[in-house]
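Notes for the one structure printed next.
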Amino acid sequence: MASTLMLRSTAPLVGKFQYASSTRRARVCLRSIVSAKGGDSYEKTEAPARDRQGVPEYKDRKSEVDDILTSPELNKDTELFGTEVGVADAMRFQGAAPELINSRAAMIGFVLAVVAFSKTGKNIYQQIGSWPQPVFAVFALIAVGTLVPILRGTERKDFGPFKADAEVILGRLAMIGIVGLFWLPFVNGFYLYPVNFTLT
């Protein structure tokens with residue numbers, strides 16, 4: 001009787017252990033598949049460019065979600081289009097594309113917004129309201145132009161005096177600058193032209 005009760009009490013624990021073991025085996029299997037193909041989007045295109053920054057080891061930051069999004073099942077477009085990297089892999093939170101797209105868009109957008117303000121006196125809200133199509137077109141071109149080399153598995157390298165790792169650092173500063181441009185119209189007397197919610 002006692003042995004029967006012991007078996008019943010330990011059965012849920014055994015089931016949880018078996019589930020955890022199968023989950024770990026699945027993650028190892030997924031990572032081995034990705035490794036066999038030469039790594040995921042970040043490892044192929046971004047990791048070499050960021051080695052000089054001393055960031056934590058990428059493999060230590062990967063999660064179960066990353067394993068799922070880099071799996072062959074969610075990246076069948078690589079077979080369809082013959083690319084090295086799938087869209088799901090490239091566009092995930094820790095993929096190669098999101099931060100790079102945002103960085104480049106912020107750098108170009110910050111410069112264009114400041115130039116437009118100096119020429120027209122319109123703040124960033126008024127600029128977006130006055131020229132929504134060009135704003136969207138510029139962002140779309142940046143996104144496509146950044147994503148295509150990533151899908152091809154092209155490693156991002158230095159270009160003359162322009163360093164690959166510095167691009168992301170400057171992009172992060174530009175993103176802070178863009179946030180500032182959205183905030184400044186609400187600072188009375190500083191941005192010269194207050195927000196006009198009619199966007200005329």
Side-chain angles (χ1 to χ4, degrees), residues 15-110 135-159 162-179 182:
K16 289 181 180 179
F17 177 77
Q18 291 175 341
Y19 174 77
S21 299
S22 62
T23 302
R24 282 194 295 270
R25 285 197 299 270
R27 293 183 66 184
V28 171
C29 180
L30 283 173
R31 287 182 179 174
S32 64
I33 291 173
V34 172
S35 300
K37 292 189 173 185
D40 58 27
S41 64
Y42 187 93
E43 292 167 325
K44 285 181 178 179
T45 65
E46 283 298 300
R50 303 197 192 193
D51 282 344
R52 296 189 291 271
Q53 292 188 26
V55 295
E57 285 291 330
Y58 173 66
K59 61 183 179 182
D60 298 330
R61 296 185 285 117
K62 293 185 71 176
S63 64
E64 292 184 13
V65 175
D66 292 305
D67 291 330
I68 294 171
L69 292 176
T70 56
S71 64
E73 288 76 14
L74 287 183
N75 292 277
K76 292 186 180 296
D77 51 301
T78 56
E79 300 175 3
L80 180 62
F81 299 108
T83 55
E84 290 287 328
V85 175
V87 175
D89 177 3
M91 294 301 295
R92 62 196 168 88
F93 184 75
Q94 294 205 65
E99 184 176 22
L100 193 56
I101 291 174
N102 290 333
S103 295
R104 292 174 176 176
M107 287 186 285
I108 295 175
F110 182 82
V135 170
F136 176 78
V138 169
F139 181 80
L141 288 173
I142 295 170
V144 173
T146 302
L147 189 59
V148 169
I150 293 174
L151 296 182
R152 292 178 175 176
T154 304
E155 179 184 328
R156 195 163 60 88
K157 298 180 180 179
D158 298 344
F159 182 73
F162 303 101
K163 303 300 181 182
D165 54 351
E167 180 181 16
V168 176
I169 296 174
L170 294 175
R172 291 170 181 172
L173 293 175
M175 284 188 272
I176 296 174
I178 287 289
V179 172
F182 278 102

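Throughout, residue positions are numbered sequentially from 1 according to the sequence presented.
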How long is the straight-line distance from [atom2] of [Y] back to [atom1] of [X], given to the nearest 0.5 Å?
| X | Y | atom1 | atom2 | result |
| --- | --- | --- | --- | --- |
| R156 | K163 | CZ | NZ | 13.0 Å |
| S103 | M175 | OG | CE | 3.5 Å |
| L100 | E167 | CG | CD | 5.0 Å |
| L170 | F162 | CG | CZ | 10.5 Å |

Kindly give the heavy-atom pair with the smallest separation between [X] and [Y], and that separation in Å.
| X | Y | answer |
| --- | --- | --- |
| M91 | I101 | SD-CD1, 4.4 Å |
| D77 | T83 | O-OG1, 4.0 Å |
| G171 | A106 | O-CB, 4.1 Å |
| P98 | A90 | CD-O, 3.2 Å |

Under 3.5 Å, side-chain donor or acceptor atoms of residues 138-151 against the rest of the protein: list the pairs with distances, not counting sequence neighbours.
unit_1	atom_1	unit_2	atom_2	d
T146	OG1	R104	NH1	3.1
T146	OG1	I142	O	2.8

Do R92 and V65 make a side-chain contact, defined as non-hydrogen atoms from C-beta onward lying under 4.5 Å apart?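 R92 does not reach V65 side chain to side chain.
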Quick check: does any side chain N or O of N75 sit under 3.5 Å from a backbone N or O of D89, one acting as donor and the other as acceptor?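 Yes; judged by distance alone, with no hydrogens or angles, the pair exists.
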